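A quick write-up on the structure given underneath.
Please read all numbers here as calculations on a predicted model, not as lab measurements. Side chains included, hydrogens not; waters and symmetry mates left out as well; all remaining heavy atoms used. Throughout, protein chains are lettered first and strands after them, A, B, ... in sequence-line order, and every chain is numbered starting at 1.
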Amino acid sequence: MTDFVQLIVFGIVSGAIFALGGIGISVIFGILRFAHLAHGDMMTLGAYLALAAISALQLPVLAALPLAMIGTAATAIAIDWLFYRRFRRARPVILLISSFGMALVLRSAIQLIWGPGNHVYESGISIPYVLFDIRIKPDHVMIVGCTVAIIVAFHLFLTYTRLGKAMRAMSDDPDLARVSGVDTERVVVWTWAIGGALAAAGGVFLALDTQLNPLLCWNILLPMFAAAIVGGIGRPYGAIAGGLLIGIVEELSTAVIEPAYKPAVAFIIMIVVLIWRPTGIVRSQT
Amino acid sequence: MSDLLAIEAVHGGYGTADILNGADLRISGPEIVVIIGPNGAGKSTLMKAVFGLVRVRVGNIRFNGEDITNMRADLVAERGLAYVPQERNVFPSLTVDENLDMGAYLKRDDGKRKTAIYEIFPQLRLRRAQRAGSLSGGERQMLAMGRALMIEPKLLLLDEPTAALAPRLVDETLEKIVEIRSLGIGVLMVEQNAKAALRRADRGVVMVMGRVRLEDEAHNLLARTDIADLFLGA
């Protein structure tokens, strides 16, 4: 039983990271209608920007996090302005392939600046908290706590701000949003800003839990996409549910199968959920 | 009186195919103008062209004297034009209240406009926290018109506002449109329930093959047997 609960704790941590990446993938798909394959590398960039802030300014990780989020959001906006904007009217497959190219550009840039080796934010041993024989690392508490705070802030933004409602409206129907007077290009800029900021948070948290390397978040791109699809692509709340589901089931699966098969578990979950609910966990209203 | 909306010799459509072949239309103020015609005549395409959703290749569209040809839809809305498409005319995942908020995206509402909309469509007030995707067809249509009115338009474009509505709701919807005109708002609508619409309209235009072929006072069109046989049903 203890092992089971311990695996659920690890699953919640993984799920939080998948959710942060999945929200960005889902929001970008909902508004711009393409699968952003560079999202994993955008997360990795965020993780490295935090490393730069920690090294240069001697900041703790928690203080470097907002700087990394701002830096990644600005980079995402710049990438859209310089690159994706030119493909607005192109077919989604063109954008999909372009985003794969951007993934390679970002990864190469990271390797050029920080090198191909591994890095860590802080070295040393962190003593876990022990609660009913369940061991919880302080980093995990921080990851889950920050993710909950970020998701609550994101929910409040979507529900109560004019721009958040415009994002949801544009995700429902971009043409109707336009005829209602919504400046859709402004919404697109904010979509990249939010997607980039959440990606940075996910990247920093994964780096905190493991080690930084240029393939850090490329390696979790598939479970993040699975989270977005399982939740109902284009539905950010679905991505949160999908992320947690995939994170927890992946970790639980290690009790019975080799951990190397974890990525396959994400696909099995995706297939089962899509058979059960073809539009994903969070159903679209038509 | 200067024209509120002037559509002049407009050609355009989707891709390389022109649906509109020299369409002309003028609206001079708060009047109800009904466009009738066979399927494929370009009636809905004309409305989309006004809003920049369909490319105008030749000709021009002016609103209040300003050229709005191929202008971005949000900028057209900013100038005081509102549009209710035939389908997908509400944001399904947003609540009724939030749909109306979207109508007020350009001009922020201190609550007065929303209150006025709920007075025109009282049944929406009861559903204000409900998602638009779960509304009935009639309620969706009311919400779509309410969202458009939140823009405080000078002219409202309605594409088949009574399509797929139960017969008892057709008259109710058309009466709401008359009420909208009484607020000083012009209405240009495409309508398949042509006879019922023309009874409440000031003018009617007949579109065929992407052009306006006939334009007259609504009561004159209703009296014409050739028009009745072709477009107004039994």
Side-chain angles (χ1 to χ4, degrees), chain A residues 23 26-27 29-31 33 85 88-91 154-191 231-241 277 279-286, chain B residues 15 47-48 50-55 71-109 129-135 140 143-144 146-153 156-159:
Chain A
I23 291 171
S26 207
V27 168
F29 186 91
I31 301 227
R33 302 289 194 268
R85 186 171 60 104
R88 276 290 189 264
R89 290 178 188 277
R91 285 177 294 141
F154 179 63
H155 165 73
L156 295 174
F157 168 78
L158 281 185
T159 310
Y160 296 108
T161 68
R162 196 163 153 261
L163 195 63
K165 288 177 197 171
M167 280 178 76
R168 286 162 55 210
M170 200 173 153
S171 180
D172 269 0
D173 193 324
D175 275 348
L176 189 60
R178 279 184 200 104
V179 303
S180 300
V182 174
D183 179 350
T184 50
E185 274 303 308
R186 186 162 168 260
V187 173
V188 167
V189 168
W190 277 98
T191 300
I233 189 80
R235 312 267 147 201
Y237 297 116
I240 298 165
R277 283 176 89 132
T279 55
I281 296 171
V282 175
R283 228 177 269 230
S284 63
Q285 304 257 347
T286 51
Chain B
M47 292 202 162
K48 288 180 185 169
V50 171
F51 256 85
L53 300 174
V54 163
R55 192 103 197 128
M71 187 179 272
R72 249 172 43 197
D74 57 310
L75 299 178
V76 174
E78 200 174 4
R79 280 152 178 77
L81 260 162
Y83 171 48
V84 178
Q86 181 187 351
E87 292 171 332
R88 299 175 67 93
N89 51 22
V90 296
F91 299 107
S93 73
L94 271 60
T95 64
V96 167
D97 243 6
E98 289 171 337
N99 265 272
L100 295 181
D101 289 342
M102 277 300 100
Y105 190 83
L106 285 165
K107 294 180 195 165
R108 287 178 197 246
D109 178 34
Q130 194 173 320
R131 286 192 195 282
S134 65
L135 297 177
R140 275 191 193 211
L143 177 58
R147 176 194 54 74
L149 290 175
M150 287 292 285
I151 293 176
E152 292 190 312
L156 177 60
L157 274 54
L158 299 171
D159 193 355

Original post:
Among residues 183-191 of chain A, which ones touch chain B with a heavy-atom distance under 4.5 Å?
Top reply: A:D183, A:R186
**OP:** Specify the closest pair of heavy atoms between B:M102 and A:A166, including all atoms of both residues, with the distance to one decimal.
**Re:** CE-N, 3.5 Å
**OP:** Nearest 0.5 Å please: distance from the CZ atom of B:F91 over to the CG atom of A:D173.
**Re:** 6.5 Å
**OP:** State whether the number of non-hydrogen atoms from other residues, nucleotides or ligands found under 6.0 Å of B:R55 atom CZ is greater than 12.
**Re:** no
Original post:
Of the backbone (N, CA, C, O) and the side chain (C-beta and beyond), which part of B:V90 lies under 4.5 Å from a heavy atom of chain A, both, or neither?
Top reply: backbone
Original post:
Checking heavy atoms, do the side chain of B:L94, its backbone, both or neither come under 4.5 Å from chain A?
Top reply: both
Subject >> Residue among B:K48, B:K107, B:R108, B:M150 with most heavy-atom pairs under 4.5 Å to chain A >> reply: B:R108
Original post:
A:V179 and B:I151: which non-hydrogen atoms are nearest, and at how many Å?
Top reply: O-CD1, 3.8 Å
Subject >> Residue pair A:R235 / B:S93: nearest heavy atoms and the distance that separates them >> reply: NH1-CB, 3.6 Å
Original post:
Where on B:F51 is there a heavy atom nearer than 4.5 Å to chain A: the side chain, the backbone, both, or neither?
Top reply: side chain
**OP:** Decide whether B:R147 and A:S180 meet the rule of one side-chain donor and one side-chain acceptor closer than 3.5 Å.
**Re:** yes
**OP:** Can you run down the salt bridge (Lys or Arg N to Asp or Glu O under 4.0 Å) pairs that involve residues 155-166 of chain A, sequence neighbours left out, and say none if there aren't any?
**Re:** A:K165-B:D101
Original post:
Can you tell if the side chain of B:Y105 reaches within under 4.5 Å of the side chain of A:L163, non-hydrogen atoms only?
Top reply: yes
Original post:
Between B:D74 and A:R178, is there a donor-acceptor pair closer than 3.5 Å when you use the side chain of the first and the backbone of the second?
Top reply: no
**OP:** Answer with side chain, backbone, both or neither: which region of B:R88 has an atom nearer than 4.5 Å to a non-hydrogen atom of chain A?
**Re:** both
